[in-house]
Amino acid sequence: GAYSAGMFHLLSHAFFKALLFMAAGNVIHALHDEQDMRRFGGLWTDMRRTSITFLVGSLSLAGIIPFVGFFSKENVLGEAFSRGDWLGYAVWFIGFVTAVLTAFYTGRMWWLAFWRPAAEDRPVRGLLHEAPWVMVIPVLGLAVLTTFGGLLQTKAIAGWALVDQFLKPVLGEERINTVALEYLATFLTLVLSALAFGAAYNFWIRGLWSPAEWRTRYARVATVLEHKYYFDELYDWAFVRPLDRLAGATERLGDRSLIDGAVMEVGAVTESSAGTLALTQTGYLRTYVLVFVAGAVIAGGLLLWRAQG
């Protein structure tokens, strides 16, 4: 397997994914905890530093050169493609389609949130304040790592492989040899990802293609996508509802009747015993003396009986 490629991709996520999360925190902080990006807009003007760093992270996520996401993603896809068998080509194709779709929705995210004019219902009207430097400096550091981190391993464009060399004592020699056709696949993925990122601008900013029109034309497909392939409904039917019924039955048969019943019964017996014993507490001295004398007589009688026995 392409273990070093996977480790490099994981390492790259420590750069650009952390960058995206922390830059998103800057935006949420400025917009008073609002997290619906449809209510954003105008951030390129108001929050330029955060906008640029978020763009760096977005382009890396979309797999655009020269950012680290391009080199790590293409390293993984290239290793799959270079296997030369049907499994490798299948994995590559799935990754290829996913990469293009990722570039499109990442572009939609950036264009909608940062580039377009401020939404009418944006929580903060007027000029937003940029995040304080204590929040911006870590984001800038991650942006630098995202921009230059790909230099650790540039084998996606026939360069060096420092990560492979570093992991070689543990993982051994790389078993998958790069084929020339892999670079054509890399170029195809890069071009289509860049076009997908720009297509999101045409969809959501310029309005050259109307999402509403597409939804009307492909209503069934849109419905399936809006319901996330009905995964939530399937999960609810397969797991949530059966577990709810099981929990309800357990509550009725076990919790209420057995556990609660036993506890309540112990409490009832204790309360009844306490009520009976309370009858001996009259508050009269003569009663206590009588009980004491009676107890002494009974104890003495028992002692005599045992002595005679």
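All values below were derived from every heavy atom in this structure, side-chain atoms included, with hydrogens, water molecules and symmetry-related copies excluded.
In the hydrophobic clustering of this structure, Phe187 groups with Val100; members are Ile, Leu, Val, Met, Phe, Trp, Tyr whose side-chain heavy atoms approach within less than 4.5 Å, directly or through other members. Follow the hydrophobic side-chain contacts under 4.5 Å out from Ile52 and you reach Leu112 in the same cluster. Connection of Leu234 to Val224 is not established within any shared hydrophobic cluster, with ILVMFWY side chains joined at heavy-atom distances below 4.5 Å, either directly or through further cluster members. Both Leu195 and Leu184 belong to a single network of hydrophobic side chains, linked directly or stepwise wherever heavy atoms of I, L, V, M, F, W or Y lie under 4.5 Å apart.
Checked against a 6.0 Å centroid threshold, the rings of Trp204 and Trp111 do not count as neighbours. Ring centroids of Tyr89 and Phe81 are separated by less than 6.0 Å, placing the two rings close together. Ring centroids of Phe67 and Phe15 are separated by 6.0 Å or more, keeping the two rings apart.
Under a 4.0 Å N-O distance rule, the pair Glu182/Lys155 does not qualify as a salt bridge. Salt-bridge check for Lys228 with Asp232: passed, with a basic side-chain N closer than 4.0 Å to an acidic carboxylate O.
Residues His32 and Val124 form a side-chain contact, since some pair of their non-hydrogen atoms from C-beta on lies under 4.5 Å apart. Contact check for Leu20 versus Phe54: side-chain heavy atoms found under the 4.5 Å cut-off. A heavy-atom distance below 4.5 Å is not found between the side chains of Met47 and His129. The shortest distance between side-chain heavy atoms of Ile28 and Glu34 does not fall below 4.5 Å. Phe71 places a side-chain heavy atom less than 4.5 Å from the side chain of Phe8. Residues Leu128 and Arg122 meet the side-chain proximity criterion, which asks for heavy atoms closer than 4.5 Å. Counting only heavy atoms from C-beta outward, the side chains of Gln153 and Gln165 never approach each other to under 4.5 Å. With contacts defined as side-chain heavy-atom distances shorter than 4.5 Å, the pair Leu43/Trp115 does not qualify.
Residues Pro138 and Val134 come closest through the heavy atom pair CD-O, 3.4 Å. Here the closest non-hydrogen pair linking Gly25 and Met135 is O-CE, 4.1 Å. Across all their heavy atoms, Ser193 and Ala99 have their closest contact at OG-O, 3.9 Å. Minimum interatomic distance between Arg38 and Asp121 (heavy atoms only, all atoms of both residues): O-OD1, 4.5 Å. Across all their heavy atoms, Ala131 and Arg49 have their closest contact at O-NH2, 4.3 Å.
Separation of atoms CG (Leu19) and OG1 (Thr147) is listed at 8.5 Å; rounding is to 0.5 Å. For the atom pair OH of Tyr3 and CG of Asp164, the computed distance is 13.5 Å after rounding to the nearest 0.5 Å.
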Are Arg83 and Glu79 close enough, and set up right, to give a salt bridge (Lys or Arg N to Asp or Glu O under 4.0 Å), and what steps lead you there?
CA-CA 7 Å; Arg83 280 176 57 101; Glu79 297 283 2; over 6 Å; no

Go through Phe114 and Phe40 one step at a time and tell me if the ring-ring contact (aromatic ring centres under 6.0 Å, His included) criterion holds.
CA-CA 7 Å; Phe114 293 89; Phe40 290 2; 7.9 Å; no

Assess whether side-chain contact (heavy atoms from CB on, under 4.5 Å) is satisfied between Thr154 and Trp160, documenting all intermediate values.
CA-CA 5 Å; Thr154 61; Trp160 53 84; 3.5 Å; yes

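Sequence neighbours left out, not one pair with a member in residues 261-271 passes side chain to side chain donor-acceptor pair (under 3.5 Å).
Thr50 and Glu130 form a side-chain donor-acceptor contact under 3.5 Å, judged by distance and modelled atom types alone.
Ring planes of His13 and Phe16: tilted class, angle from 30 to 60°. Between Tyr230 and His227, the ring-plane angle classifies as parallel under the 30° and 60° cut-offs.
Counting only distance, with no hydrogens or angles, the side chain of Ser60 and the backbone of Gly57 share no donor-acceptor pair below 3.5 Å.
The side chain to side chain contact (heavy atoms under 4.5 Å, CB included) test with Leu140 singles out one residue from Thr53, Val56, Leu145, and that residue is Thr53.
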